[in-house]
Amino acid sequence: MTNVNTSTDVVLIGAGIMSATLGMLLKQLEPGLNIQIFERLNVAAAESSDAWNNAGTGHSAFCELNYTPKQPDGSIDIRKAIKIAESFEVSKQFWSYMVENEIVIKNERFIHSIPHMSFVWGDENVAFLRKRFDALQQCHLFQGMQYSEDAQKISEWIPLIMQGRTKNEKIAATKMDMGTDVNFGALTRSMFDCLKAMERVQLHFDHEVRDIEKNNGIWEITVKDEESGDKRVVQTRFVFIGAGGGSLPLLLKSGIPEAQGYGGFPVSGQWLRCTDETVIHQHKAKVYGLASIGAPPMSVPHLDTRYIKGKRELLFGPYAGFTTKFLRHGSLFDLFKSIQFSNLRPMVSAGIHNLPLTRYLIEQVSQSADERLDALQEYFPDAQMEDWELETAGYRVQVIKKDDEEGGVLEFGTEVVCAADGSIAVLLGASPGASTSVSIMLDLLKRCFPNQLQTKDWQEKLKRMVPSYGKALADDPKLCNEVRAHTSKVLELKS
Ligand SMILES: Cc1cc2nc3c(=O)[nH]c(=O)nc-3n(C[C@H](O)[C@H](O)[C@H](O)COP(=O)(O)OP(=O)(O)OC[C@H]3O[C@@H](n4cnc5c(N)ncnc54)[C@H](O)[C@@H]3O)c2cc1C
């Protein structure tokens, strides 16, 4: 049974961190807005945003070596690192605003300080890390980073990684004490608890969005109530598709010309989760290495301290794998159902150009327990398999786009696709993702609500929520230090 029975100002599809962030921003800017949120599962943040489904790294480009690529002339490009570090500072400002104003209640502490470290071995990699460190020293966002090639010093920082290592191995590490671990699941659920309690906001669990169509300038969203089986159509002026891996199929259904040529390439993930408390307590850092040759950027290995439900944890991974599902709780037909006439060529071309990646992912998925242990022992030589359990991580759908030269290209970042009239926006891709959710949503507001954004009211509110709004922290060391001191105090972090 299908009824046309509701209309609303805004529809948010999916209850992950992206919809939560946009919903919170919109309600702060325009408290009178009617917002309806639809989530196909029976809880918020059960896909990529949940704590064990991602690594919880507050991506600031302190330790992630893929954000500072080596240029053909041998120099290090730090532009992406600066952008990510600035974006994370923006996120911390908005989160501080919510905590300070008791909008989000910290019933579970969602952010903790933890050193962010890079660790490499071999002459070439050590030379790269040294150069990277020198390049980052040019920007105050990375001030406080330490570099060492001294085994004794590195042992003090990360004893677990140094135990059982051969003495003459050439190694190097960097350490940034102001790194963070973020439980994005806890943060997302706090934001939805708060949104649910607001006037004119309705959050519907067990409701799957099945179709999106525009009629007479109004979006009609067909939603199925998974419990009763009933379908209804909700009319709205603005819709955000924040459905994670489920976003691409909905974008294609919307029929907007901007969707033409987009496809998706799903990648599954697994972690090793440590079960031995003694081991867990011997490590206190997020340590990122270099991806092996041919591996995609999202499979950079890391040994991570986590804080989940008030407990210290330890994970290693991710082990990426080939899948045809777009969501953890998705269908094996997702990939095939997403193929349309408009994206066939880009998808086939991207597939042909990325055969080594597909081969790598299939190899990863068929890894034996011994092979997984070998990968872990590169970082923790004394690791024993009985102390670790295999956990399923979240899924990522990498963006495939049209390309004039190659026909189609595979991208590893996130991308917001908007209709020209700003009435619909969708977030595709996964990395650096949750850490930069606030900047992503501020950018979306600029594209979808350009007139309101220019008003004095919105400008003042935005500056209250994000004091550095409209300014580049990389160009202003004084402002950067001020906002860092403030957010560290409110969020109880090391500065
Ligand atoms: C293995 C892994 C490690 C990661 N590590 C990090 C990290 O260390 N740091 C970091 O910042 N980011 C990390 N990320 C990325 C981060 O997890 C994502 O960027 C972020 O969680 C995406 O949030 P989202 O709201 O877009 O999607 P999600 O959290 O996936 O939420 C989407 C929601 O939409 C719902 N949905 C889907 N289809 C429909 C539909 N048709 N109708 C209604 N509801 C629907 C889903 O059920 C889900 O609840 C990682 C991701 C993965 C997979």
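Whatever order the structure lists ligands and atoms in, that order sets their numbers, starting from 1.
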Query - Donor-acceptor pair between Tyr288 and Thr57 side chains, under 3.5 angstrom - result: yes
Hey, what polar pairs (N/O, under 3.5 Å) does ligand 1 make with protein?
| from | atom 1 | to | atom 2 | distance (Å) |
| --- | --- | --- | --- | --- |
| ligand 1 | 5 (N) | Ala55 | N | 3.1 |
| ligand 1 | 8 (O) | Gly56 | N | 3.3 |
| ligand 1 | 8 (O) | Thr57 | N | 2.9 |
| ligand 1 | 9 (N) | Thr57 | O | 2.9 |
| ligand 1 | 9 (N) | His59 | NE2 | 3.2 |
| ligand 1 | 11 (O) | Pro432 | O | 2.9 |
| ligand 1 | 11 (O) | Ala434 | N | 3.4 |
| ligand 1 | 11 (O) | Ser435 | N | 2.8 |
| ligand 1 | 11 (O) | Ser435 | OG | 2.6 |
| ligand 1 | 12 (N) | Pro432 | O | 3.4 |
| ligand 1 | 17 (O) | Ser48 | O | 3.1 |
| ligand 1 | 19 (O) | Ala430 | O | 3.3 |
| ligand 1 | 19 (O) | Ala434 | N | 3.2 |
| ligand 1 | 21 (O) | Ser49 | N | 3.3 |
| ligand 1 | 21 (O) | Ser49 | OG | 3.0 |
| ligand 1 | 23 (O) | Ser49 | OG | 3.3 |
| ligand 1 | 25 (O) | Ile17 | N | 3.1 |
| ligand 1 | 25 (O) | Met18 | N | 3.1 |
| ligand 1 | 29 (O) | Ser49 | N | 3.0 |
| ligand 1 | 29 (O) | Ser49 | OG | 2.5 |
| ligand 1 | 30 (O) | Ser48 | N | 3.2 |
| ligand 1 | 41 (N) | Val209 | O | 3.1 |
| ligand 1 | 42 (N) | Val209 | N | 3.0 |
| ligand 1 | 44 (N) | Arg40 | N | 3.2 |
| ligand 1 | 47 (O) | Glu39 | OE2 | 2.7 |
| ligand 1 | 49 (O) | Glu39 | OE1 | 2.6 |
| ligand 1 | 49 (O) | Glu39 | OE2 | 3.2 |

Query raised in the report: salt bridge (charged side-chain N to carboxylate O under 4.0 Å, His left out) with Asp9: which residues, sequence neighbours excluded?
Result: Arg237
Query raised in the report: Short question: side chain of Glu313, backbone of Thr305 - any donor-acceptor pair under 3.5 Å?
Result: no
Report task. From the options Gln36, Glu39, Arg40, select the one residue that forms a side chain to side chain donor-acceptor pair (under 3.5 Å) with His204. Result -> Gln36
Requested in this report: Report the relative orientation of the aromatic rings in His112 and Tyr307; use parallel for angles under 30°, tilted for 30 to 60°, perpendicular for over 60°.
Outcome: parallel
Requested in this report: Show your working on ring-ring contact (aromatic ring centres under 6.0 Å, His included) between Phe110 and Phe184 and close with a plain yes or no.
Outcome: CA-CA 7 Å; Phe110 63 84; Phe184 293 110; 8.9 Å; no
